[in-house]
A.B. asks: 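Got a structure for you, questions after.
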Amino acid sequence: MPGDRLTNEDRQHIAAGLAEGLGFAEIGRRLGRPASTIMREVTRNGGPDAYGAQRAQEATKQRARRRRQAKTPAPPVGDSSHGRDPQAVQNLTDSFATLLEQQGMPRMAARVLACLYVTDSGTLTAAELVQRLRVSPASISQTVAFLEQQGLITRERAPGGRRERYVVDDELWVRSTLAALHMNDALAAASQRAAEILGTATPAGARFGVATEFLLLVSSSLGQVMEQWQQRQADRNAGHRP
């Protein structure tokens, strides 16, 4: 049937049809297959002049084996220290990365950040990230450059060492919130300016006026949160002093 995969017998008929000089449409009609199916089969297996039924059959089997191997789930590489279940750590990493992605972070950046964040050290090399995420070194390089630009990670190199390590610290969300606060302030200022230009009595101006009021309230609240956090950190540091 047209939706079924080609069999070895089908391929024998295709080879015979090509030898007779038949076109794809006629071969497909005889086999009850779309001409496009015959064309793809012949094209990816040497073309009309080099197509061989047995060779095409073997190539198809090899492609199927490669696909099955690619779909085989990799063993978990989660942290097993402190008696942790590696699979549980891997599931945590995946779910945290998904959450970051849902918040708008690019998928690979979310995976790298989550991978770093669940480690006790908060540091990993490019090679370690490649191994844990099973991606190319180029993907890691591009992603860490993006995360560094966003101020979410930093780089460090051990004295005398050649390999860089990528670092995430306890201040990650503080920096992220500060960046959000600065962006919110900019939006509030732009909205206020727009309301003035458009006229607060006009529908468009009023819309920007409402936006300004809300954004200023958000900035005020975030500012208070940051002050409370800084005070809490200062109290904690004072408590640790001898």
A.B. asks: Side-chain contact, heavy-atom cut-off 4.5 Å: Arg11 with Glu41?
C.D. replies: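 Yes, close enough: below the 4.5 Å cut-off.
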A.B. asks: Nearest 0.5 Å please: distance from the CZ atom of Arg5 over to the OG1 atom of Thr7.
C.D. replies: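 That separation rounds to 12.5 Å.
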A.B. asks: Given side chain to side chain donor-acceptor pair (under 3.5 Å), test Gln87 with Asn91 step by step and report yes or no.
C.D. replies: CA-CA 6 Å; Gln87 186 61 62; Asn91 293 341; 3.0 Å; yes
A.B. asks: May I ask you to decide if Val135's main-chain N or O and Ser139's side chain share a donor-acceptor pair within less than 3.5 Å?
C.D. replies: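 Such a contact is absent between Ser139 side chain and Val135 backbone.
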A.B. asks: Sub-3.5 Å donor-acceptor pair from the side chain of Arg55 to the main-chain atoms of Asn45, do we have one?
C.D. replies: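 The answer is no, because no donor-acceptor pair under 3.5 Å joins these two groups.
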A.B. asks: So, does Arg175 use its side chain to make a donor-acceptor pair with the main chain of Gly151 at under 3.5 Å?
C.D. replies: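 Flag set: sc Arg175 to bb Gly151 pair under 3.5 Å.
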A.B. asks: Just by modelled atom types, is the Ala189 backbone N or O under 3.5 Å from a matching donor or acceptor in the Gln192 side chain?
C.D. replies: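 Here the side-chain-to-backbone pair does not exist.
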A.B. asks: Is the backbone N or O of Met39 less than 3.5 Å from a side-chain atom of Thr43, with the two atoms forming a donor-acceptor pair by type?
C.D. replies: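 Yes.
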A.B. asks: Measure the spacing between CD1 of Ile27 and CG of Leu22 and express it to the nearest 0.5 Å.
C.D. replies: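 Reported to 0.5 Å precision, the distance equals 5.5 Å.
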A.B. asks: For the hydrophobic clusters of this structure (ILVMFWY residues joined by side-chain heavy atoms under 4.5 Å, transitively), does one cluster hold both Val225 and Val174?
C.D. replies: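 No; tracing contacts between hydrophobic side chains, which count when under 4.5 Å, never links both residues.
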A.B. asks: Is there a donor-acceptor pair closer than 3.5 Å between any side-chain N or O of Asn184 and the backbone N or O of Leu215?
C.D. replies: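 Side chain of Asn184 to backbone of Leu215, a donor-acceptor pair under 3.5 Å: yes, one is there.
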A.B. asks: Please give me the minimum heavy-atom distance between Ala204 and Leu198, naming the atom from each residue.
C.D. replies: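 Nearest pair, atom of Ala204 first, then Leu198: CB-CD1, 3.8 Å.
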A.B. asks: Test side chain to side chain donor-acceptor pair (under 3.5 Å) on Arg165 and Thr123; report intermediate values, then the result.
C.D. replies: CA-CA 6 Å; Arg165 302 185 68 86; Thr123 67; 3.2 Å; yes
A.B. asks: Aromatic rings Phe96 and Tyr117: how do their planes relate, parallel, tilted or perpendicular, breaks at 30° and 60°?
C.D. replies: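 Parallel: the ring planes of Phe96 and Tyr117 meet at under 30°.
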A.B. asks: Do Arg84 and Asp120 sit within salt-bridge range, that is, some charged N less than 4.0 Å from a carboxylate O?
C.D. replies: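 Looking at Asp120 together with Arg84, the answer is yes, because their closest N to O distance falls below 4.0 Å.
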A.B. asks: Looking only at atom types and distance, does a side-chain atom of Ser176 sit under 3.5 Å from a main-chain N or O of Leu172, one as donor and one as acceptor?
C.D. replies: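 No, Ser176 side chain to Leu172 backbone: no donor-acceptor pair under 3.5 Å.
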A.B. asks: Quick one: do Asp10 and Arg33 make a salt bridge, cutoff under 4.0 Å?
C.D. replies: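 Yes.
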A.B. asks: Using a strict cut-off of less than 4.0 Å between a Lys/Arg side-chain nitrogen and an Asp/Glu carboxylate oxygen, indicate whether Glu26 and Arg30 qualify as a salt bridge.
C.D. replies: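 Yes, this pair counts.
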A.B. asks: Would a distance-only check, ignoring hydrogens and angles, find a side-chain to backbone donor-acceptor pair under 3.5 Å from Ser141 to Pro137?
C.D. replies: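 It does not hold such a pair.
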